[in-house]
Amino acid sequence: MPDNDLSSALQTALQTAQRKQTPLNLAGGGSKAFYGRLRSGQTLDINAHRGVVNYAPEELVITVRSGTPLARIEALLADRQQMLPFEPPHFGTTASIGGTIACGLSGPARPYRGAVRDHLLGCRIINGKGEQLKFGGEVMKNVAGYDVSRLMVGAQGTLGLLLEVSIKVLPMPKQNLTLCLEQNEDEALQTFSRLANQPLPLSAASHYQGVSYLRLSGSEAGVAAASAAIGGEELDNAAHFWQQECEQKHDFYANQEQPLWRLSLPPASAPLALPEQYLSWGGAQRWLRGDHDAALLRQLAQQHGGHAELFRGDSREADNLPPLKPGLFKLHQQVKHAFDPQGILNPGRLYQKI
Amino acid sequence: MSQLESTAQPLSDAERARFLTALGAILAGESLLHDAEELRPYECDGLSAYRTLPLAVALPATLEQLQATLKICHQMQIPVVARGAGTGLSGGALPHSEGLLLSLAKFNQILEIDQANLSARVQPGVRNLAISEAVAHLDLYYAPDPSSQIACSIGGNVAENSGGVHCLKYGLTLHNVMEVNIVTIEGELITLGGASLDSPGYDLLAAIVGSEGLLGIIVEVRVKLIPKPATIQVLLAAFNQLNDAGSAVAAIIAAGIIPAGLELMDKLSLQAAEDFVHAGYPTDAAAILLCELDGAEAEVGQQVEEVRQLLQMHGANEVRLARDEQERQQFWKGRKAAFPAVGRLAPDYYCMDGTIPRSRLSEVLEKMAQLSEQYQLPVANVFHAGDGNLHPLILYDANNDGELEKAEQFGGDILELCVAVGGTITGEHGVGIEKINQMCVQFNNLELLQFHALKAAFDPSGLLNPGKAVPTLHRCAEFGAMHVHHGELPFPDLPRF
Ligand SMILES: Cc1cc2nc3c(=O)[nH]c(=O)nc-3n(C[C@H](O)[C@H](O)[C@H](O)COP(=O)(O)OP(=O)(O)OC[C@H]3O[C@@H](n4cnc5c(N)ncnc54)[C@H](O)[C@@H]3O)c2cc1C
């Protein structure tokens, strides 16, 4: 598909929808259609709005239109030995950068290099009133006005249609190496916490079926020194392993018909008395398959200071995300109203009532 | 000077008395100040050209007192200005003459240090440096290190999204804060973010960080802690040309190296710093660059050599590596004392804070030199060069008639120059009252209205720090009319973004 700037056409579409009060379903590549609640409304396709607006490797920044395929951006960065620091999952070949930012999902490197929101520098959006607005920019430090750009991350398109995003990129590490340690879950969590307390070039830490996987990234000398200090077996074909984890292609995830729960916890939380889990993010993410009592999982997660989310599941009538406390929920509604007073942008996608 | 716009009606004597009585019922003697003499220490923040006495100062000691105080203000429609340590440089904590100044000074406890999860829960009045000091024995620290870190509060840091010399590698306050408890103007306690790496719903934590006291009162902060690096080395490079130093910065980043700190000082500022603290800077240089590298020992050793070569290739005529921790501290001492050092060169100085794309550095420096010539005011330059954040310090004497206004105009021109080259009017000091007019240059009316709508979602009655950070459209219309001299925008020769 050729590059195209469809900003005005998209704006007209939103203005019309606003006038007629037509709810819209903003659609990028569709790779994350499984995520969030059921989609409703008239589909507005953003896919063709694509192209690289500016890439300045020496400024560590790239600005792209939201329909641009994620794979294309990653390839462009790789040519200059750079990368998206948050290692986003694609969940399909059609993934666009707009959907990636809107869903706010980050990959294995999240605890060590930061999340999507940490690297978004600016964006151009159309709000629910059909107004084109620009916030932030391409510079690293910018505190003029409220940080509206980052508010868009994870909002799943309910606050604005992303037109363009500016993202901070980083140089690729010169060396990556993954170590395997045979450990049970308890030992793994203790190892993760102990290592995180040391100045080591960790870039991913997971545990599954009795093995801890520790990725080190940095200069050759730095990685070699850390690897000697940690010990364990070096994993062959490690890049593939982490890609499989990021894309949820490991055996653990094989049955995509089953509901998949994601528990986001303080990383050092003790092992949970639950069936087999896949631990990632150094223990801060615990993945669980199968049918579970939502209320019980939520309570358990909350006891540990975190939350439980139905990440993949067929029953999407209820909310996938845990309920918010009344004060916080009211604030959410007011923020939604500030950007989309008539509620035409992806209504019900994030929460039933937002 | 920018005037504080306000819709608040002056209180009658009876209303004022009623307000103070209501507060007096909650706050004990020394926690409520209202005599002019007691109010004096609160009349300004670090931008001391602006001074106003508030109606009263409240220093609640407990959450209940703070909530009750806000409820009264809400009920009586009294504006509230939060204050941390008062080191802000944009007048964010400037009191409102008809409002309450709410000091968080008594919220000064570190509540919890969670080593296993690498976080600490602290009250907003805790000083930035005190956090790192409290976890030093665990070989951990809190990364953002504003030069004011011995004095400024973490609440103020969150409200300004403050940076420091190490934020190039370790991020700003935004990247190092996990959870913030706020109290709304209605007195309601709300938690944003959490102890895990993400939390459900909108990222309202991102909205609170940098909100300059306009959205809610920050009453508790969970910060991220990180391990101290194994090795730290710092290089000092001297240049005969300021531009060469600029290209050396670009070359280091382009080589895939992210230094822990990368700071540039021009001749005027390095000489002032040298005179002030004897850091050992080469005073005949046109500019110096400080480049700090940290990490594993072997890694740092390798990078030091790479950077040394890059510096030499880009015209450094001297490159020194700090021999030991003492010399490293010495190198930084000059940089950290740059503001007060420059402050000794003239009765007054005015510190600007624009950020630009690094590639436009030499162009901006050239324009700034022209402006300095035009306004007949010297300017010293200190940069967080790694992330393009400039701190031009304009020297002036407020006792000379009209010189403050001239300095402010010069400053305004610099900010607009930053916007014109694709940057921003403030990288870390915030808008406050100081840069409120330049917000009209950076944002159009619809964008400003969106900011106001977001503000209303948090604070529908508009009582939190009114008149700061985001200008009204009315104000921008007036500023625009006054500003476009002879039908010409500033910097007509620069392409606009
Ligand atoms: C010598 C010097 C060097 C400096 N160097 C740097 C630097 O390197 N980097 C940098 O970023 N800044 C720097 N600053 C600026 C300043 O120190 C920072 O902006 C700092 O974060 C302000 O903290 P404070 O506690 O003094 O806040 P204040 O000045 O008291 O307040 C600042 C703003 O925050 C609001 N606020 C304060 N506390 C709260 C709260 N609890 N809840 C809600 N709102 C609140 C106030 O209303 C105000 O708008 C420097 C200042 C000085 C004087």
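Below, all heavy atoms of this structure are taken into account, side chains as well, without hydrogens, waters or symmetry copies.
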Short side-chain to backbone donor-acceptor contact, [X] and [Y], under 3.5 Å:
X         : Y         : value
Arg150(A) : Leu120(A) : yes
Gln67(B)  : Gly187(B) : yes
Glu416(B) : Gln438(B) : no
Gln175(A) : Glu220(A) : no
Glu447(B) : Asn444(B) : yes
Thr63(A)  : Val53(A)  : no
Gln82(A)  : Val169(A) : no
His452(B) : Pro471(B) : yes
His391(B) : His384(B) : no

With a 4.5 angstrom heavy-atom cut-off, which part of [X] approaches chain A: side chain, backbone, both or neither?
X         : result
Leu174(B) : both
Leu454(B) : both
Ala251(B) : neither
Leu118(B) : side chain
Ala230(B) : both
Ser119(B) : neither
Gln442(B) : side chain
Phe443(B) : side chain

Can you tell which of [options] has the highest number of heavy-atom pairs within less than 4.5 Å of chain A?
options                                    : answer
Asp294(B), Leu172(B), Ile356(B), Asp198(B) : Asp198(B)
Leu448(B), Val431(B), Asn161(B), Asn389(B) : Asn389(B)
Ala453(B), Gly427(B), Ala296(B)            : Gly427(B)
Leu140(B), Ile425(B), Leu204(B)            : Leu204(B)
Gly194(B), Gly354(B), Ser196(B)            : Ser196(B)
Glu428(B), Gln115(B), Arg358(B)            : Arg358(B)

Residues of residues 190-203 of chain A contacting chain B, heavy-atom criterion under 4.5 Å, by residue number
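Expected list: Ser193(A), Ala196(A), Asn197(A), Gln198(A), Pro199(A).
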Engaged part of [X] at the chain B interface, taking heavy atoms whose separation is under 4.5 Å:
X         : value
His337(A) : neither
Leu265(A) : backbone
Leu189(A) : neither
Pro111(A) : both
Arg113(A) : neither
Tyr351(A) : side chain
Leu328(A) : both
Ala284(A) : side chain
Thr158(A) : both
Pro57(A)  : neither
Val335(A) : both
Lys134(A) : both

Would you say [X] and [Y] make side-chain contact, with heavy atoms under 4.5 Å?
X         : Y         : value
Asn157(B) : Pro144(B) : no
Ser149(A) : Ile125(A) : no
Leu105(A) : Phe311(A) : yes

Checking an interface table here. Which of residues 163-170 of chain B come within a heavy-atom distance under 4.5 Å of chain A?
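When heavy atoms of chain A are the reference, residues 163-170 of chain B contributes Cys167(B), Leu168(B) within the under-4.5 Å range.
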Is Glu297(B) atom CD crowded by more than 12 heavy atoms from other residues, nucleotides or ligands, each under 6.0 Å away?
no
Between Glu138(A) and Asn54(A), the two heavy atoms sitting closest are OE1-ND2, 3.0 Å
Trace of the side-chain contact (heavy atoms from CB on, under 4.5 Å) decision for Leu205(B) with Val177(B)
CA-CA 9 Å; Leu205(B) 182 58; Val177(B) 161; 4.2 Å; yes
